[in-house]
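One structure is given below, encoded as structure tokens.
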Amino acid sequence: MMVRDKDSGEAQVSLGVYVYGIVPADVEVESDAVGIGDPPAKVKVIRKGDIAALVSPVPTDQALGKPECLQAHARLLDGTASVAPVLPMRFGAVMTDEESVAEELLEQNHDEFAEALRALEGHAEYIVKGRYEEDAILHEVISESSEAQQLRGDIAGLSEDASRQARMALGELVVNAIESKRHADTDIAIEALDGIAKQLNVRQPTHELDAVSVALLAALEDEAKLQDTLDELVEQWRGRVQLRLLGPLAAYDFVVTRAETG
């Protein structure tokens with residue numbers, strides 16, 4: 001939507017308010033904090049009672065689907081999560097103006113948001129991701145399966161056309177075996193993390209060689225203990241699974257709020 005400046009006659013872009021997340025009212029935004037936009041917009045805080053919203057102005061005709069917009073959204077929320085509880089808004093939440101944010105979002109949901117923030121106090125999300133070493137997991141699968149060994153033998157020396165059915169059967173067997181191992185290894189990781197995680201969600205694999213993908217809500221003060229636990233799993237799975245720890249992050253897998261856009 002466009003409006004016209006009566007003095008200059010020039011068209012001006014109408015602005016909305018982009019909402020990143022909900023935080024306690026005592027949160028202050030650093031002077032250099034920026035959000036989405038080109039150039040990146042300055043972030044401010046809108047307060048109502050005990051809670052507040054992290055926001056920035058956004059042209060209402062601006063496309064928000066670009067990767068850099070999503071990265072800016074996550075960067076602000078993850079940076080906040082390391083120092084204060086934050087309830088992430090879903091990416092792309094735009095409201096009409098600051099009054100709408102204060103009255104329709106914060107005031108109408110005040111008690112619910114305040115309670116959720118209290119529950120998150122001192123906690124953040126961490127993600128444990130593991131990926132199988134391809135050569136190692138294929139050797140493991142084939143060495144454990146006489147059927148796989150037979151199929152590999154059938155394929156040897158045959159042309160691509162002649163071995164097509166055997167290769168398809170071997171591929172299906174390997175995929176199913178890796179899926180079974182993924183479930184077993186995820187259970188091992190969950191058991192190891194059980195004493196640290198306040199909540200835990202198993203994420204869906206995004207790659208055929210994914211071994212573990214687990215999101216957990218944990219106390220910030222337990223980060224060193226979490227890293228020690230991962231180090232033990234790294235040693236246990238050395239040469240078989242590559243593990244990494246992401247976080248602290250905003251609690252996307254556990255608390256994501258919605259807003260009516262306008």
Side-chain angles (χ1 to χ4, degrees), residues 67 70-71 74-75 77-79 81-82 88 91 120 122-156 163 166-256:
L70 180 57
Q71 291 164 6
R75 185 165 54 246
L77 291 173
D78 294 342
S82 65
F91 175 67
L120 273 181
H123 293 76
E125 178 171 326
Y126 295 86
I127 297 176
V128 176
K129 293 185 69 70
R131 181 163 291 183
Y132 291 118
E133 296 279 7
E134 186 171 9
D135 289 344
I137 198 64
L138 290 178
H139 179 269
E140 185 177 315
V141 167
I142 292 173
S143 67
E144 293 173 355
S145 170
S146 58
E147 182 181 357
Q149 295 166 31
Q150 179 64 51
L151 286 168
R152 190 171 65 168
D154 292 344
I155 293 168
S163 64
R167 286 187 291 106
M168 290 176 60
L170 179 59
E172 183 177 358
L173 187 152
V174 168
V175 168
N176 291 337
I178 290 178
E179 182 178 1
S180 178
K181 289 181 178 295
R182 180 184 299 123
H183 287 305
D185 290 330
T186 297
D187 287 344
I188 290 172
I190 290 173
E191 184 177 358
L193 297 167
D194 184 56
I196 303 172
K198 181 178 180 180
Q199 296 182 51
L200 190 147
N201 283 342
V202 177
R203 296 175 135 208
Q204 292 299 311
T206 58
H207 189 277
E208 60 186 3
L209 291 176
D210 278 357
V212 175
S213 186
V214 176
L216 63 146
L217 190 67
L220 291 165
E221 64 182 13
D222 285 340
E223 185 171 328
K225 185 187 301 184
L226 176 58
Q227 186 61 64
D228 288 344
T229 299
L230 263 291
D231 289 344
E232 292 176 4
L233 283 176
V234 166
E235 188 61 34
Q236 179 180 337
W237 288 337
R238 184 172 300 279
R240 181 175 178 269
V241 178
Q242 288 190 355
L243 275 175
R244 59 192 178 116
L245 176 66
L246 306 176
L249 308 171
Y252 306 105
D253 284 81
F254 303 98
V255 184
V256 179

note = When every non-hydrogen atom of E125 is compared with those of Y252, the smallest separation belongs to OE1-N, 3.0 Å
remark   = salt bridge (charged side-chain N to carboxylate O under 4.0 Å, His left out) filter on E235, not counting sequence neighbours, yields R238
inquiry  = Let me confirm one number: the CG-OH distance from D222 to Y126, rounded to the nearest 0.5 Å.
reply    = 8.5 Å
Which atom pairs, one a donor and one an acceptor, fall under 3.5 Å between side chains of residues 194-201 and the rest of the protein, sequence neighbours left out?
| unit_1 | atom_1 | unit_2 | atom_2 | d |
| --- | --- | --- | --- | --- |
| K198 | NZ | A119 | O | 2.9 |
| N201 | ND2 | D253 | O | 2.8 |

query = When you measure from the side chain of S143 to the backbone N and O of H139, does any donor-acceptor pair fall under 3.5 Å?
reply = yes
task = Compare every heavy atom of A219 with every heavy atom of H123, then report the nearest pair and how far apart it is.
result = CD2-N, 3.4 Å
Donor-acceptor contacts under 3.5 Å from residues 167-178 side chains, at least two apart:
| unit_1 | atom_1 | unit_2 | atom_2 | d |
| --- | --- | --- | --- | --- |
| R167 | NE | S163 | OG | 3.1 |
| R167 | NH2 | E160 | O | 2.8 |
| N176 | ND2 | E172 | O | 3.3 |

ask   = Within the side chain of R182, is there an N or O that forms a donor-acceptor pair under 3.5 Å with the backbone of E208?
value = yes
query = Quick one: CD1 on I137 to NZ on K181, what's the gap to the nearest 0.5 Å?
reply = 5.5 Å
Sequence-distant partners of E232, side-chain hydrogen bond (donor to acceptor under 3.5 Å, both in side chains), two or more places apart = none
remark   = Distance col, row Q71:CD vs D78:CG, nearest 0.5 angstrom, shows 11.5 Å
query = Would L193 and L226 satisfy side-chain contact (heavy atoms from CB on, under 4.5 Å), going step by step from the backbone distance to the final call?
reply = CA-CA 8 Å; L193 297 167; L226 176 58; 3.4 Å; yes
Reported OG1-to-NE2 distance for the pair T186 and H183, which is rounded to 0.5 angstrom = 7.5 Å
remark   = Rounded to the nearest 0.5 angstrom, the CD-CG distance for Q149 and D154 is 12.0 Å
Contacts table for residues 239-251: side-chain donor-acceptor under 3.5 angstrom, sequence neighbours left out:
| unit_1 | atom_1 | unit_2 | atom_2 | d |
| --- | --- | --- | --- | --- |
| R240 | NE | E140 | OE1 | 2.7 |
| R240 | NE | E140 | OE2 | 3.4 |
| R240 | NH1 | D185 | OD2 | 3.1 |
| R240 | NH2 | E140 | OE2 | 3.1 |
| R240 | NH2 | D185 | OD2 | 3.0 |
| Q242 | NE2 | E133 | OE2 | 2.9 |

query = At what distance, to the nearest 0.5 angstrom, does CD1 of I188 lie from CD of Q236?
reply = 5.5 Å
key: With sequence neighbours excluded, residues passing side-chain contact (heavy atoms from CB on, under 4.5 Å) with H207   = R131, L209, D210
